[in-house]
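First listed ligand is number 1; within each ligand, the first listed atom is number 1. Small disclaimer: the values here were computed from a predicted structure and weren't measured.
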Amino acid sequence: MTARVLDGKAVARQIFAEVSQAVAVRVSAGGSRPKLATVLVGDDPASVQYIELKQKNARQVGIESEDHRLPANTTTEAVVNLVGGLNADESVSAILVQQPAPPQIDMTRVVLALDPVKDVDGFHPVNAGLVALGFPGGVEPCTPAGIIELLDRAGIRIEGANAVVVGRSNLVGKPTALLLLKRNATVTVCHSRTKDLATHTRNADILVSAAGKSNLITSDMVKAGASVVDVSTNWLDGRQVGDLGPGVDEVAGWLTPNPGGVGPMTRAMLIKNTFEAEVRRRP
Ligand code: NAP
């Protein structure tokens, strides 16, 4: 078997086109134009690249953007103050603080400082809580929401599937498991202390790997025909790779390329969440 491609780039393009259309319709009807404010502390090259892509994606769909850069030695206080100003700024619909931030920044304080309505990443406990409880109105975090969207648009059935998520971070693993559960999958969450990872992964109709460990998932750990989503961004010999070892594409039924799978979907959902934040603020 050679797996079919879960093409994140192509699906992201569709989502950008849909948001672009929705922004145009809203603005032509006299509605407000959404605005995304991004905050980057320091000059980590990967983070700079991510922020520039996010800014570009916003512009491409007609969303305004502001790019706030702070030096690497910035204090938590300064970031919290900036976030407070953006919360109060009527023109800003959505705020993104790029992670990882330098080690002296207390990201818990920064996230708690965000107005939940403008928390486009869905990291604030109010949003995380609403999503966890299945209450309406919570912002779903971009990477997990992008994974669900990618599965849906490929027509992969989530309801009733055995879904295994490798990783339990607040950023990826935990919210992905919750969204799969919300969609009636039977969900298993694995982590670094899981005994015999392969016994779980081999049972997965949907396998989401977000461990950040190259070659963790070998082909014998994958069920024939499974839908496999490789979230991780690892660097091996200067090349971006995920968690999957060689030959997984021969066993899986569907597979995300890496790069070109979850990354573009994360950015697409950020843009969609920005639009939705403005609609929630000013229906
Ligand atoms: P993280 O906070 O480091 O979490 C990694 C998770 O994997 C932890 O729960 C850890 O378990 C688990 N783990 C580590 N080694 C394992 C092993 N050998 N077996 C089973 N589980 C293992 O990372 P993250 O923020 O969730 O991100 C995960 C990966 O996704 C990273 O490579 C990141 O760069 C990438 N990422 C990509 C996107 C995208 O848009 N493509 C977005 C976000 C993140 P413990 O909890 O027990 O330590």
* Asked: So how far is it from Glu140 CD to Asn127 CG, rounded to the nearest 0.5 Å?
  ->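 The distance works out to 10.0 Å.
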* Once you round to the nearest 0.5 Å, how far does OG1 of Thr256 lie from CG of Asp230? ->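 Rounded to the nearest 0.5 Å, the OG1-CG separation comes to 5.0 Å.
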Please tabulate, for side-chain N and O atoms in residues 6-13, each donor-acceptor pair with protein atoms closer than 3.5 Å (sequence neighbours left out).
{"unit_1": "Asp7", "atom_1": "OD1", "unit_2": "Lys9", "atom_2": "N", "d": "3.2"}
{"unit_1": "Asp7", "atom_1": "OD1", "unit_2": "Ala10", "atom_2": "N", "d": "3.1"}

* Asked: What residue pairs, at least two apart or across chains, pass salt bridge (charged side-chain N to carboxylate O under 4.0 Å, His left out) with a residue in residues 92-115?
  ->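 Listed once each, the pairs are Glu77-Arg109.
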* To do: Run through the side-chain heavy atoms of Ile, Leu, Val, Met, Phe, Trp and Tyr, join any pair under 4.5 Å, and report what else lands in Phe135's cluster.
  =>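 Phe135 shares its hydrophobic cluster with Val126, Leu130, Leu133.
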Atom pairs and distances, ligand 1 N/O vs protein N/O under 3.5 Å:
{"unit_1": "ligand 1", "atom_1": "9 (O)", "unit_2": "Arg168", "atom_2": "N", "d": "2.9"}
{"unit_1": "ligand 1", "atom_1": "11 (O)", "unit_2": "Ser192", "atom_2": "N", "d": "3.1"}
{"unit_1": "ligand 1", "atom_1": "21 (N)", "unit_2": "His191", "atom_2": "O", "d": "3.4"}
{"unit_1": "ligand 1", "atom_1": "21 (N)", "unit_2": "Ser192", "atom_2": "N", "d": "3.4"}
{"unit_1": "ligand 1", "atom_1": "26 (O)", "unit_2": "Ser169", "atom_2": "OG", "d": "2.4"}
{"unit_1": "ligand 1", "atom_1": "32 (O)", "unit_2": "Thr233", "atom_2": "N", "d": "3.1"}
{"unit_1": "ligand 1", "atom_1": "40 (O)", "unit_2": "Thr266", "atom_2": "OG1", "d": "2.8"}
{"unit_1": "ligand 1", "atom_1": "41 (N)", "unit_2": "Val231", "atom_2": "O", "d": "3.3"}
{"unit_1": "ligand 1", "atom_1": "46 (O)", "unit_2": "Arg168", "atom_2": "NE", "d": "2.8"}
{"unit_1": "ligand 1", "atom_1": "47 (O)", "unit_2": "Arg168", "atom_2": "NE", "d": "3.4"}
{"unit_1": "ligand 1", "atom_1": "47 (O)", "unit_2": "Arg168", "atom_2": "NH2", "d": "2.8"}
{"unit_1": "ligand 1", "atom_1": "47 (O)", "unit_2": "Ser192", "atom_2": "N", "d": "3.2"}
{"unit_1": "ligand 1", "atom_1": "47 (O)", "unit_2": "Ser192", "atom_2": "OG", "d": "2.5"}

* Contact check, side chains of Glu278 and Ile63, non-hydrogen atoms, under 4.5 Å ->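 A side-chain contact is absent here, since even the closest heavy-atom pair is not under 4.5 Å.
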